[in-house]
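Worksheet: the structure to be examined is printed underneath.
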Amino acid sequence: CQYSQNVFSIINSVQITEKNAEPEKTLLTYLRRNLGLTGTKLGCAEGGCGACTVMVSKYHPYQNRIIHYAVNACLAPLCSLHHCAVTTVEGIGSVASKLHPVQERIAKAHGSQCGFCTPGIVMSMYALLRNNPQPSMHDIQEAFQGNLCRCTGYRPILEGYRTFTKDGGCCGGKGQSNGCCLTNGHTQEHVNDNSTLSAQKLYDQSEFMPLDPTQEIIFPPELMVLSKQPQRELRFAGERALWIQPCSLEELLELKATYPNAKLVVGNTEVGIEMKFKNLLYPVILAPAYIPELNIIQNTQDGKRVLHLKGCCQCMLFDAVKKLPAHQTEVFKAVLEQLRWFAGQQIRNVAVCHKRVLEMDGKFFPGYRKTILKPEEILLSIEIPYTRKYFSAFKQSPRKEDDIAIVTCGMNVFFKEQSNIVQSIRISYGGMAPVTVLATATCNRLLNRQWNEELLEEACTSLVEEMSLSPSAPGGMVTYRRTLTISLFYKFFLNVQHKLSLDLQKEVVFHTYTIKSLKNSAWLQNIYRCHDRTLFLCLQAVPPGHNSDDVVGQPIMHLSALKQATGEAIYCDDIPCYENELHLALVTSTKAHALIKSIDTSDAMAVPGVVAFISAKDIPGSNMTGPVVYDETVFADDKVTCVGHIVGAFVADTQAHAQRAAKAVKISYEELQPVIVTIQDAIANKSFFQPVRSIERGDVAQGFKDSDHILHGEMHIGGQEQFYLETNCTLAFPRGEDGEMELFVSTQSASKTQALVAKALGVPANRVVCRVKRMGGGFGGKESRSTILSTVVAVAAHTVKRPVRCMLDRDEDMLVTGGRHPFFGHYKVGYMNNGKVMALEVMLYSNAGNSLDLSLSVSRALFHMDNSYNIPNIRGTGYMCKTNLPSNSAFRGFGGPQGMMIAESWMSDVALSCGLPAEEVRRMNMYKEGDFTPFNQRLDKFTIDRCWEECMQLSDFNKRKDAVEQYNRQHRWTKRGLSIIPTKFGISFTAAGALVLVYSDGSVLLTHGGTEMGQGLHTKMVQVASKTLGIPCSKIHITETSTNTVPNTSPTAASASSDLNGMAIYNACQTLLQRLQPYKDKNLKGCWEDWVSISFCMQLFIEYLGYDFETNSGKPFNYFSYGVAVSEVEIDCLTGSHKNLHTSIVMDVGKSLNPALDIGQVEGGFMQGLGLFTLEELRYSPDGYLYTRGPGMYKIPAFGDIPIELKISLLRDTPNEKAIFSSKAVGEPPLFLAASVFYAIKDAITAARAESNLTGPFRLDSPATPERIRNACEDKFTKLCPPADPGTFIPWAVQV
């Protein structure tokens, strides 16, 4: 057939014809750069975060229906959308016209904070509702498996969208006697039998617009007509690639013969990632998605179901499971279970089946990602058999949702008739070699054996021998992976034994632990079953006589939430391109410590569209930079000190061209020694930044002498990537005269950006303006590290005299910016028989990276080494390790969580050593009102005791503990744990400024020094101004943060922004009111508009709190925020997986300015802490190369990780006179409360170890990943897989 060169599609009801489409261009790039539809965001470029989600609709001729499905626009090739309708977030509603209910509900339910992920979540929900207008909560949670949010903690999103379900948010009658419970929209009289706390609402769901499916946009009739017509071949020739979409199987085979090395692409979920991140090029791409033979599913006469290339596998298998007898669908159910956890919904919607039509044996996969298919052959179909009665499939991964497997396995066994004698058995593993491997030797040994304990012992011994791994194997976790092979076989063994006992209807004698397992066989089901989440909120009561016009203390919606839900909120990269704008891409070092011998840019400069290469020689000012001391360079000059050190940058007409040039540059190095990567390396080489700091109180030596016991311990706490959804972005616009430069930056520190750019350009700071509209998250990562990009972009713009833009890709951002400091703590504790701690000596080591950055501030870990415990004799010493890693920096908590985590480690060890309940030991050692800290600061208005008691009541701790102990007595291979953890977090002030402009019509323009990154700062500041001025919020507007309106501001960090900027605004408004008073006196009956005719600017500086380490005197903190959390978990002792069953949090936020925003901060901080302590793991090679550079390998918490039951209470009647309107900081303090989950896991591990007669303290490093949990649950299986001796091999990854 003749071929076409045009892509015809309809985007948001507008017909689009793209002639000669570029095969390498994605739908996301086309939407944002060609059509200006910037609501769809770039978060990762690999389909792992969902920020780019859109809905694609098309008529499926083989199913004879219209299908709607969510896709990742960052992966979808533009060429693949021929005859498709695309709907983006802008296409379903807007603030200016009419909101869609999906947009309204996420905003009004407080489910949007920074808002960068919001459009993608909106579109995932919208696509679900187009297919199912009344979904279940299970459907909603499954739809969000491909979406991530770093701010909200997910709960408000689920609660808002629960209103679309049949239950509509009702508790289902759980609280009939006391009214409907556990939701935002209703109240509950009692939490438990002893509680008098009442649940309260943050929004009124009766105000939501109803969903009317009949009003949705119809599928374009013209596409329906075109889809039914005979299809023509499509061909698009780009700069480097040819895209061909054949319309018949015959054509496809001819093309494959002509282009034997051509890649077949359907969803682009693999090839797209290879081309972008692995720098691979495929000159010819074949797209077979519309070939009839590859889009069908059929049943064969020999009892098999044939799935062709892109058939609706899940739907058909699900139907079969419902209709067919259970014994025929074991394989179907196993496939469905694996597909359920394979990637996210957006990927599953377009991905191709990766199984093969040929017989699966040891020869089919000759190597990693290689098959025996000939170049001219294609995969036509796969066959799935009906019958496999004794069949199981397992997948173990760090995070269950959308994660890559550590080990997978499939096992099936046939028995001789009416017996338990093995006739045939097959065991296969993934993750134990470059290819899937069959345990052939083990299978042969088990033939003709009875399915009993002797077979189990034989199988385990054989699998250990057969499934061996080199201790240096890629992927690491060698001991864990080897243990998993036998642990998963044991699960299969028990599963089969359970079914056998039912089938044969006879009792079989087993060892005690197997009997205990079989009696509670429910645990064999997936520990990750979808659970409906429940919520209880207890807010602060509104005082009697409260003025209804006073918005302070009210749950006002985030001011930008609606715009964020519609895609109308503007972020840095959403600013339209200037006419002559250029794009920049970084060139970074591939060596951790080396001299630069030469840089060859000849090939790179030959890339089309490249304008210039920028390096150190192009800097007009100083190449030295840094937020505190100038110990960094804008560009590496002659030496690099980490992998990711910025060497130069290319500017080109498009981002793609700039990135292609950056990959083409050739740099020659002379490597230097030593390469210091880990804290242990730094200790061995005495590589520390100065000063080394200490805090000491009491007589430590005497304290140890007076103690009954002394213990020593160690703990390592891994680093953490901020993973803000919006990566670092800068747009620099040279003004053309007097060296002026205007910068649009995603930064928490506009003034520091201004100062460092001016330094690099060699101009006074008054020539540089830095503007910040909003950020898609920051969390400290954009306080100082954003400047490493801003200075580079500014120098480039100065050099080429044109606007220059750069938004880093996720892998670049994670490589160059660093993150939370990894910590290592060594402690010595003296304590009495009753658990009272008498003396503590602790040494804290932080991995600072290759520059000092803000690591001095991270020494706040020393100020939190006591957490909430009064230790009479204490000494702490802090070291900042200088290593060859990208400089680590600020991250929510700033060293505090690490210091407190190590405190809880030694407290846990003391409790285990004494054999006492941990909660009793913690309570005994806790501070009391009027006590002094190790740095001699008195604790006034100390509320932890109140938080503790209320949290014990809220969680029904004692009853819950009894239930946990009973559960553990009844279960061998799953255990539950419970923990209660307090936090005491110090808050410091620096300086802030505010500008209040009042216009003649009475409207107020408010500007302050803080930046909005999702925490709702602007919303709170409008509330403060509204209360102070006595006018409605609707009259007040904040447009942006800018250095030309409020200069010399502090970074928006350390949780103090509401305190600082709120007080600045309050003082400015008070002075303004004083100036207006004469006008009010003259016109007492007048209104606000009658009185205003003046504007006023005021900057407020607050006393800096100083502390002297030499004399241990001063006042490092203005006040403390307090909180307590109780968490309950369940662990799978065989795999190390865990699920979060319950969390109760009581937080002292003073008098809340906005309970909706404050609870959002509590939830979001808690979930970030959950990631820090249980999930997120940065993995480096021994040479300092970061493996985890995107959501594919670095896993932050997902929707399924939130506690099944979550209760949050804001402590009442605790005004704080030291901050604006008696409020308290709330951004950072809640994060550490997630340690309650970590120590609940440790409690569960303790119960598991007791089964093996192991008692007393044991080391558990953070995060408590499945690997660490499994290895700590020592048993007969772990003993079969001992780790290799350190020093006898080079590990794949090291603990930095």
Side-chain angles (χ1 to χ4, degrees), residues 365 367-369 394-399 403-409 427-439 441-442 459-491 677-678 680-681 716 718 822 1131-1138 1174-1188 1192-1195 1245 1248 1258-1296:
F365 293 103
Y368 178 60
R369 302 181 68 184
F394 301 99
K395 171 187 173 182
Q396 183 58 38
S397 54
R399 185 185 72 195
D403 201 356
I404 298 171
I406 299 170
V407 171
T408 57
C409 68
I427 304 171
S428 65
Y429 290 100
M432 296 303 294
V435 297
T436 301
V437 290
L438 296 172
T442 300
C460 292
T461 304
S462 180
L463 284 172
V464 168
E465 296 173 0
E466 191 170 4
M467 294 294 117
S468 61
L469 273 178
S470 163
S472 301
M477 299 184 281
V478 171
T479 299
Y480 177 51
R481 287 155 69 186
R482 294 184 66 210
T483 305
L484 277 177
T485 60
I486 52 179
S487 295
L488 295 178
F489 178 80
Y490 180 55
K491 281 198 166 194
V677 175
T678 70
Q680 303 305 326
D681 291 341
H716 183 275
I1131 67 170
D1132 183 331
C1133 304
L1134 289 172
T1135 65
S1137 298
H1138 84 276
T1174 69
L1175 183 62
E1176 299 175 43
E1177 194 168 26
L1178 290 165
R1179 311 192 73 192
Y1180 286 90
S1181 75
D1183 297 323
Y1185 175 82
L1186 178 63
Y1187 294 123
T1188 47
M1193 287 193 69
Y1194 185 80
K1195 298 301 176 180
I1245 295 172
F1258 61 96
R1259 177 172 171 175
L1260 181 66
D1261 288 341
S1262 174
T1265 59
E1267 176 191 15
R1268 291 197 174 104
I1269 294 172
R1270 179 64 188 102
N1271 290 345
C1273 293
E1274 296 182 33
D1275 52 43
K1276 60 183 296 182
F1277 301 125
T1278 59
K1279 291 178 182 178
L1280 292 173
C1281 305
D1285 293 330
T1288 61
F1289 65 98
I1290 298 175
W1292 178 77
V1294 293
Q1295 191 178 61
V1296 300

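Judged by distance alone, with hydrogens and angles left aside, the side-chain atoms of Ser472 form a donor-acceptor pair with the main-chain N or O of Ile1290 at under 3.5 Å. Using modelled atom types, one side-chain atom of Thr485 and one backbone atom of Arg482 make a donor-acceptor pair closer than 3.5 Å.
Considering every non-hydrogen atom in both Val464 and Leu1280, the closest pair reads CG1-O, 3.5 Å. Taking every heavy atom of both residues into account, Val478 and Pro471 meet most closely at CG2-O, 3.8 Å. Residue Asp403 comes nearest to Pro398 through the heavy atom pair OD2-CD, 3.1 Å, listed as atom of the first residue, atom of the second, then distance. Of all non-hydrogen atoms in Ser462 and Thr442, the two that sit nearest each other are OG-OG1, 2.7 Å. What you find for Val1294 and Pro1182 is that their closest heavy atoms are CG1-CG, 3.9 Å. The two residues Pro474 and Trp1292 have their closest heavy-atom pair at CA-CD1, 3.4 Å.
The distance from atom CG of Leu463 to atom OG of Ser468, rounded to the nearest 0.5 Å, is 11.5 Å. We find the SG-CZ distance between Cys1281 and Arg481 to be 12.5 Å, quoted to the nearest 0.5 Å. Between Leu1134 atom CG and Thr483 atom OG1 the span is 10.5 Å, to the nearest 0.5 Å. Taking CD1 from Ile1245 and SG from Cys1133, the interatomic distance works out to 8.5 Å, rounded to the nearest 0.5 Å. Separating the OG1 atom in Thr1174 from the NZ atom in Lys1195 is a distance of 14.5 Å, to the nearest 0.5 Å. Rounding to the nearest 0.5 angstrom, the gap separating the CE atom in Met1193 from the CD1 atom in Ile404 is 6.5 Å.
Pairs of residues two or more places apart, or lying in two chains, that qualify as salt bridge (Lys or Arg N to Asp or Glu O under 4.0 Å) and include a residue from residues 462-472 are Arg445-Glu465. Within the structure, every pair that satisfies the salt bridge (Lys or Arg N to Asp or Glu O under 4.0 Å) test and touches residues 1174-1188, not counting sequence neighbours, is listed here: Arg150-Glu1176, Glu1177-Arg1268.
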Legend entry - Stepwise side chain to side chain contact (heavy atoms under 4.5 Å, CB included) check, Phe394 with Thr1135: CA-CA 10 Å; Phe394 301 99; Thr1135 65; over 6 Å; no

Inset, instruction - Start with the C-alpha gap between Val437 and Met467, add the side-chain angles, then the distance that decides, and say whether side chain to side chain contact (heavy atoms under 4.5 Å, CB included) holds. - result: CA-CA 9 Å; Val437 290; Met467 294 294 117; 3.8 Å; yes

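Side-chain contact annotation: Thr678 with Gln1295, donor-acceptor N/O pair under 3.5 Å absent.
Using a 30° and 60° split on the angle between ring planes, Phe1277 and Tyr490 fall in the tilted class, from 30° to 60°.
Side-chain contact between Val1296 and Leu1178 is absent, with no heavy atoms from C-beta onward closer than 4.5 Å. Side-chain atoms of Asn1271 and Pro1283, non-hydrogen and from C-beta on, never get closer than 4.5 Å to each other. With contacts defined as side-chain heavy-atom distances shorter than 4.5 Å, the pair Tyr480/Pro1266 qualifies.
Between Asp1132 and the choices Lys491, His1138, Arg1270, the side-chain hydrogen bond (donor to acceptor under 3.5 Å, both in side chains) rule is met once, by Lys491.
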